[in-house]
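Atom set for the values below is all heavy atoms of this structure, side chains included, hydrogens, waters and symmetry mates excluded.
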Amino acid sequence: MSKKINNIFKGDKVIWMVFFFLFIISIVEVYSASSSLSYKSRGYMGPIIRHFSIFAVGWLCTVIVMNIRCQYYKIATPILLGLSIIGLLWVLIMGSTINEGSRWIDLGVFQFQPSEIAKGSLILAVAQILSAMQTENGADKKAMPYILIMSACLILPIGLENLSTAALLFTVVVIMMFIGRVPMSQLGKLFGFCTIAIALIIGGMFLAAAADKSESSDTAQADNQEVIAEAYSNEATDAAKVASKKKSRSILHRAKTWRNRLNKFLVKTEVAPDDYNLDSLAQEGHSSIAIASSGITGRGPGNSVERDFLPQAYSDFIYAIIIEEMGLGGAIFVAFLYVILLFRVGRIANRCENTFPALLSMGLALLLALQALINMMVAVGLAPVTGQPLPLISRGGTSTIINCIYIGAILSVSLWAKKKDEDTASVTG
């Protein structure tokens with residue numbers, strides 16, 4: 001019996017333990033945080049059964065991917081890149097819109113986000129480029145242009161609808177280039193260019209916000225004139241509505257949302273408790289209440305109060321519910337799991353003889369760890385609201401299964417990648 005279990009849970013045992021703890025925490029906390037979904041569906045077990053079923057599919061994908069030698073992943077790179085580009089273009093043209101963002105492809109039976117596939121595909125491609133262009137003195141200078149062109153094809157379409165995911169993915173790519181020994185002179189120029197670009201973008205957002213305030217009176221007057229015009233011409237009003245809809249679906253239709261979130265985070269104003277509007281600031285307000293009322297030990301699993309008021313309590317803000325129910329100790333434990341994952345993968349990568357599996361595993365681990373960091377920083381008020389779920393804990397469909405596949409790829413590296421101190425080309429589990 002133990003031999004059969006070992007054949008299933010092959011690879012690095014520490015990674016499996018981290019995966020197991022994240023799974024248990026996810027089941028408990030998603031069940032607790034899904035009270036609003038339970039109320040809507042009139043079934044207490046419905047949301048958690050769906051979540052458990054998705055995790056079961058994810059676990060199966062983990063085992064399948066783990067048993068594929070990581071060397072063979074290179075074969076799938078062009079296929080995955082092609083599917084990612086097609087999916088991202090599909091989303092931009094006729095994607096399903098949820099929460100003002102067009103990020104989904106609706107196939108009727110289920111929906112999925114092509115950006116989740118694109119993230120893993122880009123990391124796979126970057127690892128392959130860096131490994132193929134390694135020299136004794138580091139990566140060839142031609143590696144960075146290839147990586148940037150490949151990144152632009154995927155990150156730019158993602159960024160039009162999901163800026164935080166695009167920024168996260170670009171950060172992981174830059175770190176991979178640093179690990180892959182891309183010349184520091186090239187990385188320095190890239191860092192300088194990105195710093196100037198970010199400063200210009202933030203400055204432009206604040207200038208646009210100031211312009212909106214100065215033109216508020218003009219906007220109000222224009223609105224009044226439009227009401228008067230409506231009495232005389234229904235046809236003109238219909239045309240204006242059509243134009244307004246086209247404008248709202250312009251290529252940068254999410255820019256105002258990004259600006260408002262960034263402005264809200266950077267421009268802090270003191271608000272008296274009686275004047276605080278929990279309707280318009282529900283996410284930040286109820287998240288802060290959940291954290292402030294947690295204490296050291298928390299309220300206990302299933303005893304959250306803010307889950308009934310906090311939007312996306314089971315997804316984007318599940319870390320606030322974890323803190324409320326499990327306290328400071330539970331919050332530290334969850335964060336520590338991602339730290340263990342990152343450092344354990346670093347050890348696995350350091351032992352790899354070849355650069356491809358090392359870079360692939362590190363890229364995937366960085367993606368999971370940095371996304372977790374962003375989610376936790378948003379929950380505690382250290383970053384603007386981004387909409388990034390907590391990997392392997394938040395309720396999800398595509399993201400949960402894809403993250404499980406990432407774990408399977410990391411386990412495959414730990415299982416099949418040739419170690420530096422090995423003389424044989426294969427590794428037996």
Side-chain angles (χ1 to χ4, degrees), residues 6-23 25-26 55 57-77 80 116-128 130-131 168-169 171-173 175-176 179-180 334-373 389-393 398-420 422 426-429:
N6 288 332
N7 288 333
I8 296 176
F9 298 101
K10 295 184 290 187
D12 190 86
K13 297 300 186 290
V14 176
I15 302 296
W16 273 114
M17 288 300 297
V18 171
F19 187 34
F20 173 76
F21 278 118
L22 291 174
F23 165 73
I25 294 171
S26 177
F55 243 117
V57 174
W59 176 83
L60 180 61
C61 292
T62 300
V63 174
I64 293 174
V65 173
M66 176 190 65
N67 283 281
I68 300 174
R69 291 179 179 269
C70 54
Q71 296 88 338
Y72 297 151
Y73 293 165
K74 297 179 181 180
I75 301 174
T77 302
L80 291 175
E116 294 294 332
I117 301 174
K119 289 191 296 185
S121 302
L122 181 57
I123 290 174
L124 184 62
V126 171
Q128 192 167 341
L130 288 173
S131 63
L168 168 65
L169 186 54
T171 302
V172 173
V173 169
I175 297 176
M176 288 181 67
I179 297 174
V334 171
F336 192 57
L337 288 175
Y338 293 103
V339 174
I340 293 175
L341 174 65
L342 184 59
F343 276 88
R344 188 65 182 179
V345 173
R347 184 177 179 183
I348 293 170
N350 189 53
R351 293 167 54 191
C352 291
E353 181 178 282
N354 301 316
T355 55
F356 171 71
L359 289 168
L360 175 61
S361 58
M362 280 304 301
L364 295 177
L366 283 167
L367 183 63
L368 294 173
L370 289 179
Q371 183 176 329
L373 177 63
L390 192 58
L392 298 170
I393 291 183
T398 310
S399 59
T400 299
I401 295 175
I402 296 297
N403 288 334
C404 289
I405 292 175
Y406 295 163
I407 294 295
I410 293 171
L411 289 169
S412 175
V413 171
S414 71
L415 179 63
W416 301 110
K418 184 178 180 181
K419 309 300 187 295
K420 289 180 179 179
E422 285 182 354
S426 62
V427 178
T428 60

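- Annotation: the span from Ile68 atom CD1 to Leu415 atom CG amounts to 12.0 Å, rounded to 0.5 Å.
- Applying side-chain contact (heavy atoms from CB on, under 4.5 Å) to Tyr338 and the options Leu370, Leu373, Leu22 leaves one that passes, Leu22.
- In this structure, the side chains of Met176 and Met362 stay at 4.5 Å or more apart for every pair of heavy atoms.
- Counting only heavy atoms from C-beta outward, the side chains of Arg344 and Val18 never approach each other to under 4.5 Å.
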Could you walk me through whether Ile123 and Leu366 pass the side chain to side chain contact (heavy atoms under 4.5 Å, CB included) check? CA-CA 10 Å; Ile123 290 174; Leu366 283 167; over 6 Å; no
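- In summary, the side chains of Tyr73 and Ser412 do present a donor paired with an acceptor at a separation below 3.5 Å, with no hydrogens or angles considered.
- Considering OG of Ser121 and CG of Leu80, their distance stands at 4.0 Å, rounded to 0.5 Å.
- Partner Lys119 forms a side-chain contact (heavy atoms from CB on, under 4.5 Å) with one of Ile402, Leu169, Val172, Leu364 and no other, that one being Leu169.
- What you find for Val65 and Gly408 is that their closest heavy atoms are CG1-C, 3.7 Å.
- Counting heavy atoms from C-beta outward, Leu359 and Ile179 have side chains that approach closer than 4.5 Å.
- Ring geometry, Phe19 versus Phe55: the interplanar angle falls from 30° to 60°, so the pair is classed tilted.
- Side-chain atoms of Trp16 come within 3.5 Å of backbone atoms of Lys10 as a donor-acceptor pair (strictly under, hydrogens ignored).
- Proximity of Asn67 to Val63: side-chain heavy atoms (C-beta onward) are separated by under 4.5 Å at one or more points.
- Across Leu124, Val413, Leu130, a single residue satisfies side-chain contact (heavy atoms from CB on, under 4.5 Å) together with Phe356, and that is Leu124.
- Within the 3.5 Å criterion, the main-chain N or O of Leu411 finds no donor-acceptor partner in the side chain of Trp416.
- Taken to the nearest 0.5 Å, the CG atom of Leu341 stands 5.0 Å off from the CD1 atom of Ile15.
- Atom CG of Asn354 is separated from atom OG of Ser131 by 8.5 Å, given to the nearest 0.5 angstrom.
- The shortest distance between side-chain heavy atoms of Ile407 and Leu368 falls below 4.5 Å.
- Considering OG of Ser361 and CD1 of Ile410, their distance stands at 6.5 Å, rounded to 0.5 Å.
- Within the 4.5 Å cutoff, no side-chain heavy atoms of Lys418 are placed close to those of Pro357.
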Glu353 and Lys419: CA distance, side-chain angles, deciding distance, side chain to side chain contact (heavy atoms under 4.5 Å, CB included) verdict: CA-CA 5 Å; Glu353 181 178 282; Lys419 309 300 187 295; over 6 Å; no
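- Between Gln371 atom CD and Leu390 atom CG the span is 8.0 Å, to the nearest 0.5 Å.
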With side chain to side chain contact (heavy atoms under 4.5 Å, CB included) as the criterion, how do Tyr406 and Leu367 come out once you've worked through the C-alpha distance, each side chain's angles and the decisive distance to 0.1 Å? CA-CA 9 Å; Tyr406 295 163; Leu367 183 63; 3.6 Å; yes
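- Side-chain contact of Thr77 with Gln128: a donor-acceptor pair under 3.5 Å is present, judged by distance alone.
- A distance-only check finds a donor-acceptor pair linking the side chain of Thr62 to the backbone of Cys404 [under 3.5 Å].
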